[in-house]
Amino acid sequence: MKKWFSNIGPGTLVTAAFIGPGTVTVCTIAGVKFGYTLLWALGLSIIACMVLQEMAARLGVVTQNGLSEVLKSQFDNKIVKSILLGIIISAIFIGNAAYEAGNISGGVLGLSTIIESPNISLAGFTFNYLSWIIGVLAFVVLYIGNYKILERSLIVLVLFMSLAFIITAIVTKPDISLVVKGFVPNFSSEKLFTVIGLVGTTVVPYNLFLHASVVKEKWNTPEELPLARKDTIIAISAGGLVSMAIIIAGAAILSNEVNNAADLAKSLEPVFGPAAKYVLSLGLFAAGITSAITAPLAAAYVVKGCLGWQGGLKSKQFRSVWMFILFLGVVFSSLGIKPIKIIQFAQVANGLLLPVIAGFLLWVMNKKNILGKYTNSKVQNAIGFLIVLIAAFLGCRSIWKVVINL
């Protein structure tokens, strides 16, 4: 058992990253509005995530380089390279800075249902001190700069989060026959945007960069690929189970006034008493803080790779990136500021980035001069091509959504 746990790690960071407040909210609303009928869409999202993340992990283990380093090495044209790197840095660095406030606010939302009146006034400003507590916790974990400590901290938080949401789903006593039917595709036009939301919140561009970068902290030779693959499958399957548990819990709610997981906690009180509030609130807190740690970490890895910085987790340049993003997230969250224009820009950049990076990853996974005998199989290419098409659709939808809201 000890040996089994010692080989679990990098994949958990991916799970910690995509099971954030946004995913919790989307899954909650999916359950409330459509019951179990969108479990099939979430299942496909998890498969797509698993396929892409396995490719990213394989690339990282075999080449011992991150995705941004490999991308840079494949383009000689300086203009093309500059445009690509510009899109990547814009989407990941600026995007994560904008979204970090949401990650921290999600954790705050969880604690706020337990701790009343978390606001204090100082110098004419009203601050939410819980944002600073979450920021300090994230800062300490990241500043230590020890990969093993970072990995184990996130494993504990992910396990805690998983237990919270899975226990909640079990206690609602779902109808198993209806749950099974939920995995049979049942598509209708009113479900389209929720389906897109489930895919978009699960298949995240920055996780591809994060995964390819962190696997080399744990594994150094292609012979260890089976361990990396097992880690990816187990961790992302666990994340999928958590997301499904949230949908199942949401389906138990009769009210249509549920907009987020905090509302879900309150609405489930009639099902199994006041304990619902505490279990779900702590689960949401764990979801918020794990994403608050991984988002700045991913941005730091991306900027490091794009700009060719040397050094590891403790280097001043690496730390300066995640510190900047974490600080902005804490300030925006504590003051209740929503940087709408920055978020809109980040959505457009991510919309462009997702199909580009998914397409690049599929292309590079077929280059024998980079991966040798570890290139994609025909089945992997077929699934990968389908995912790229979905990514392109998601990207266009993301950009269109911003355009019509301008």
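For clarity, every value in this text was computed on a predicted model and none was experimentally measured.
- In terms of heavy atoms, G22 sits closest to T201 at C-OG1, 3.9 Å.
- Residues V195 and W40 share a closest heavy-atom pair of CG2-CZ2, 4.4 Å.
- When every heavy atom of A228 is checked against every heavy atom of V61, the shortest pair comes out as CB-CG2, 4.1 Å.
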Checking side chain to side chain contact (heavy atoms under 4.5 Å, CB included) for the pair V108/I133: CA distance, chi angles, key distance, verdict?
CA-CA 9 Å; V108 169; I133 290 175; over 6 Å; no

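- For the salt bridge (charged side-chain N to carboxylate O under 4.0 Å, His left out) test, residues two or more places apart in sequence or in another chain that qualify with R229 are E54.
- For the atom pair CG of L42 and CD1 of I247, the computed distance is 4.5 Å after rounding to the nearest 0.5 Å.
- In this structure, D76 places its CG atom where only 12 or fewer heavy-atom neighbours from other residues, nucleotides or ligands lie under 6.0 Å away.
- Between Y301 and F318, the ring center distance clears the sub-6.0 Å criterion.
- Between the CG atom in L335 and the OG atom in S131 there is a gap of 8.5 Å [rounded to 0.5 Å].
- Among residues two or more places apart in sequence or in another chain, the ring pair (Phe, Tyr, Trp, His ring centres under 6.0 Å) test is passed with Y143 by F139.
- For F93 and F324, the ring centers sit closer than 6.0 Å to each other.
- For the side chain to side chain contact (heavy atoms under 4.5 Å, CB included) criterion with W322, the lone passing option out of L142, V303, I293 is L142.
- Checked against the 6.0 Å centroid threshold, F360 and W363 count as a close aromatic pair.
- S105 is linked by a side chain to side chain contact (heavy atoms under 4.5 Å, CB included) to S333, counting only residues two or more places apart in sequence or in another chain.
- Salt-bridge check for E151 with K218: passed, with a basic side-chain N closer than 4.0 Å to an acidic carboxylate O.
- With rounding to the nearest 0.5 angstrom, the CG atom of D231 is 7.0 Å from the CD1 atom of I234.
- Note that CD1 of I325 is 5.5 Å distant from CG of N96, once rounded to the nearest 0.5 Å.
- Rounding to the nearest 0.5 angstrom, the gap separating the NZ atom in K191 from the OG1 atom in T37 is 3.5 Å.
- Contact record, V204 with Q53: O-OE1, 4.4 Å, taken as the closest heavy-atom pair.
- Across L313 and R319, no two heavy atoms sit closer than the pair O-CG, 3.7 Å.
- Considering all non-hydrogen atoms of both residues, P10 and V215 come closest at CB-CG1, 3.9 Å.
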